[in-house]
Amino acid sequence: MTRWERSVPVYGVPVITRGFWVLCALIAVGLVLTVVREVVGLGGSVSGMSDPFAWGLWKTFNVMVLTGLGSGGFAVGIAAWVFNNKKLHSVMRVALLTSFLAYSTGLAMLGVDVGRPWNFYWVAWLPTWNLHSPLLEIAVCMSLYASVPLFLENLPPLFEYLIYEHPKWRGFALGCEKAMRSVYPFIVGLAYILPIMHQSSLGALMILGGNRVNTLWQTPFLPLIYVWAAAFLGYNCVVLCLLLAKLAWKRDLDPSVLLELNKLTVWIVYSWTAFRFLDILFRGKILHVFTDGYLSILFWVETALILGSAYVLSTEKGKKISTMFLAHAVCALGGMIYRFSPTTLAFHAKDGATYFPSAIEFIVSISFVGIAVLAYLVAVKKLAILPGSNEEWLKMAKYEEQVKPGIQLTGYAPVEH
Amino acid sequence: MAMTRREAFKTLAKGSLPLLAAGCVSTILPEVAHAEEEKIEAPKGALGLLYDATRCVGCKSCMVACSQANDLKPDTTTDGLHQAPPALNYHTKNIIKLYRTADGSDHSYFKQQCMQCIDPGCMNACMFGGLRKDPETGVVWWKGSKCVGCRYCEIACSFHIPAFQWDGFNPKIVKCELCRDPIQKGLRKQPGCTEVCPTQAVIYGRREDLLKEAKSRIAASPGKYFEQRVYGEHDAGGTQVLYLSRVSFDKIGLPNVGEDSIPSGLKYSHMLYKWLALPVALYAGMVAFAGKNFKEHSHHLVEDQKKTGLRPQL
Amino acid sequence: MAKIEKETIAQSLKNAGYSRRDFLQLCTTIVATAPMGLALTEKATPAAVAKAVAKAKKPSVVWLHFQDCTGCSETLLRTSKPDVADLILNIISLDYHETLMVACGKQAEDALNSAVTENVGKFVLVVEGSIPTKEQGIYMKLGGRPALDVLKDVGSKAAAIIAIGSCASWGGVPSADPNPTGAVGVDSIIKDKAIVNIPGCPPNPYTLLGVVLEYAVMGKLPALDDLKRPKFAFDRLIHDHCPRRAHFDAGRFAGQFGDAGHREGYCLFKLGCKGPVTHAGCSTRHFNEMVDAWPIGIGAPCFGCTEKAVGFRIPAFDKVDVHLATPPDTYAPISGSVGKFGAAAAGLVGLAAGALGGATWAASQKLKSSEETIAEQKTPAGGK
């Protein structure tokens, strides 16, 4: 147990491990299959998509579900910077990195999924924008978010890396740091408003599905419920990453931060569930939670997974790390199922139409997730992302000074700003 | 330590309250007032089809004529010999389907093609205007240069019409456009299907004329047509392709979509985004708060650095 | 040889003992044969056709045989009631025909010469059989002269040329692979004369009659397609008017000769019928004036005898592509089933889900071993 005061890279662990090679193999297979998809098209031999289920796995899972999981950047960020929850500053970098990786692999997946990606350049030409389309909002917002504020927010660890290990770039990096400090609140504001907008637009997408989306999910408030779910998914992801760091690299945990994250997760989940039920009630559809066959079951499964795990987190049991881990995992599962339902599980596209991903579709999907995981593993080892104490930093500095002679990681006096 | 209420209010007042207030007043109130008037009407010269299922004999000449008028290869994938698509697809813009009861006691044909909605879901969905409505004829047509192939139009259509070219490179979205291209080029005066129909089960003309004709048929044969009404007069906010049927509409494949257009579900979202007032106000608020907290945080970072000699992390 | 005065067709028929009734019957048959595409019969009643035909002068016809089987002449002769052969022979002035004329040897050669010289620029040349071109055309000679030279000579003096049969139209049987004689059709040799191709093996005699009468009465040849075939006879596919079309549309096929489907008279597509790619009128105009006296009618698949790319080229029992597919008599349901559930995919997804679930559980258990209930631990001093 320790106190998290700053971010410390994972040290003394090689970057190239067995896991690294497994992921590389998965990614290689995925890229080969992507080329196949580009040549052959999206038809029956490549994907399980059809005219009724025109969105298969890639848009709905890699984009809509996984960017929900990668919402730590704004969900934890708003608590940390707007509501001044100082405990959360130390975990911001994990949140930001997971967000960036989820978004960039999601957007890459989108490029593979669409039929004419070269026409996407119209996104930069305002006269063509159809302002009525939720998808346009997502295209503009997500691209802007990932390429500007989220990207910029993820640069500081890189600047530090340059300052410590690449003296030639030190001046440049220092200048960049200074520039960032001067505009940071503006970047950060953008990094919160943009995801709020597009995560809710992701929900607005299925409003056009009309009564083909089951009434337990279809609501004019779908955007709000979607972005609210993204919020707790973001917290789930951050906590899981932190606990997995302990498991994989024996990182020390800071109880007060974890408890704070749990508390916020629980609060978000409780309010989310309450709102969802009230929405169904006020739309007069409350009986559907019992009368819609397997869809009612799906509804209760989602609710149980999400609410149940939040409840566990709020009890004493939830303070045990193993329980905490499971609770966040189960809550994330529930949240991901929720985000997947309006597009696929609870979407009655057309009588007689069913959808199941093809093998190629599935492999490509998880290989893109693999890219994110691989990048994460490399980043936490090379850059200061995962939280640790100042003591931890000193230990790391000692180790690094042995391995890389001449590197200076301590003894910096403050410079006049 | 978290922000005190006093600090919170101070920052709010400084940063964004005026803006927020102005934003809310200017956007939401007028929107609520005007929300009911937003219904979109068909253009004056709106063209369409009237299909009377009671007159159709299922000869499928319209399917052959459509393939020929649109230079489409017939879809023979079912058995390699016959043009027998199971549904609309990227070879097939028009299809005749058969509704039959299990015991064969009742049946009806159904000609399926784009409904040419007055407020189309597909057009609303399309990001860059790849699907657009002709301002004079109201025909909804696809413009390939603006299409990204995202297939949101397929999701947004309650009638399951736009068909995507799943195989091959540079895929198209294919659907009936009332033979807009050959008519514009002067190659024909009316769509292929209406030209060849031997019983005039499907006819072409101005929507207002077709509506009049349909209503006169209903009046002339009371009890013949389902619910004594024309499907498409108000359904989904009104469509330019109209249907008359003896058998119930949902049995022949016309969904029960109500009178609200497909895009009308987004009206609340549109309200919130009007002139981007609310997002900008929120942004301003968050920048104000974040700025204040960042200042405080930077101060702490400098203090920590003095104590530890470790570079501060942003 | 004595010059024969060109009489009108009416006179000729009368002399031959044909009643007005027989003549009207013939004219009715012509109208039925060519309802469209023939100026003679366009919008005309049989009586009007009869009037026009009666006044016309008998056209002079020279009929040359080259590499042929004489089947085209036979098809003309093997007609039954009314005796069309006889009629035709009384409508035209057949000045030279090797099979039908009495003369032979030198007399035959003289007959040809006089027929040609007396009617220079006015006679119709009918060519039956293909023309060999290899080795200066020595493979068929007429009176010691290669067919090539005879055709060029006689053809240059004709008013128009009718190439009757597939052999004369595009080479026919002799031109089948390996085509040892270099057999070609008339229009490969003669380029500067009006040519009408009437392909078929053999073609229907009424097609010839229609063309000849059009020429005799209206003074011009009928409308031709881009292969010089008269449109009134060759503008539709066998498939379009086949009496067995309903079976094709319903998916009822004969699978083998003599099987149940074959005996029921089902469609012969699977036995290699070339109907879908063959232009000819045989579906509606059968031979010998007998119903079903044509290949498909007797249960033999059409082999595409009129088409250069099909007849004697594509093997008899090979299936062809249907170029303009039309809908069958079955219908798409209102809602068909779409979407497949692949076993491999299901297996992969199940495996992945299981692996992820298992790993999560294992991770939580591992965390248990270093179990620390974080609320119990005192946080290090100086917590914010």
Side-chain angles (χ1 to χ4, degrees), chain A residues 1-3 5 44 47-53 56-57 86-87 89-90 240 243-244 246-248 250 252-259 262 316-330 332-333 349-363 365-366 389 391, chain C residues 249-251 270 319-384:
Chain A
M1 290 295 143
T2 181
R3 210 188 73 207
E5 292 158 314
S47 83
M49 294 188 261
S50 57
D51 283 326
F53 277 101
L57 200 62
K86 299 191 181 67
K87 285 201 191 117
H89 283 303
S90 53
L240 288 173
L243 294 179
L244 283 169
K246 173 170 172 59
L247 191 65
K250 317 251 184 320
D252 285 326
L253 299 173
D254 183 338
S256 60
V257 176
L258 285 173
L259 286 177
N262 284 355
E316 279 302 304
K317 266 225 190 96
K319 298 198 174 123
K320 286 214 271 211
I321 305 171
S322 55
T323 320
M324 199 191 297
F325 180 79
L326 270 179
H328 277 284
V330 167
L333 177 67
K350 191 181 171 188
D351 282 341
T354 55
Y355 167 76
F356 196 81
S358 71
I360 293 181
E361 219 179 329
F362 183 68
I363 296 172
S365 175
I366 57 175
S389 59
E391 216 180 297
Chain C
D249 285 345
K270 293 198 173 167
K319 288 197 275 282
V320 287
D321 289 332
V322 177
H323 291 297
L324 190 66
T326 47
D329 76 347
T330 55
Y331 293 87
I334 296 290
S335 325
S337 67
V338 182
K340 57 184 196 291
F341 186 66
L348 265 173
V349 173
L351 206 70
L356 198 64
T360 309
W361 179 255
S364 82
Q365 295 306 95
K366 230 177 158 197
L367 281 169
K368 226 184 199 164
S369 62
S370 59
E371 193 65 87
E372 299 152 52
T373 305
I374 54 178
E376 288 168 3
Q377 290 290 320
K378 289 199 175 58
T379 58
K384 281 191 183 155

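Labels below follow one simple rule: chain letters A, B, ... track the order of the sequence lines, proteins then strands, and each chain is numbered from 1.
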> Search all heavy atoms of Lys368(C) against all heavy atoms of Ser322(A) and return the closest pair with its distance.
CG-OG, 3.5 Å
> Give, as side chain, backbone, both or neither, the part of Phe362(A) having an atom under 4.5 angstrom from any heavy atom of chain C.
side chain
> Heavy-atom distances under 4.5 Å only: say whether Ser358(A) touches chain C with side chain, backbone, both or neither.
backbone
> Under a 4.5 Å heavy-atom cut-off, does chain C meet the side chain of Ser365(A), its backbone, both or neither?
neither
> Indicate the atoms forming the closest heavy-atom contact of Pro357(A) with Ala345(C), along with that distance.
O-CB, 3.0 Å
> Given that the side chain runs from C-beta out, which part of Ala353(A) has a heavy atom under 4.5 Å from chain C: side chain, backbone, both or neither?
both
> Go through the steps for Tyr355(A) and Val338(C) under the test side-chain contact (heavy atoms from CB on, under 4.5 Å), then give the verdict.
CA-CA 8 Å; Tyr355(A) 167 76; Val338(C) 182; over 6 Å; no
> Do you know the tightest heavy-atom contact between Leu243(A) and Leu367(C)?
O-CD2, 4.0 Å
> Which of residues 329-337 of chain C have a heavy atom under 4.5 Å from any heavy atom of chain A?
Ser335(C), Gly336(C), Ser337(C)
> Give, as side chain, backbone, both or neither, the part of Leu333(A) having an atom under 4.5 angstrom from any heavy atom of chain C.
neither
> What are the two closest non-hydrogen atoms of Trp361(C) and Leu326(A), and how far apart are they?
CZ3-CD1, 3.5 Å
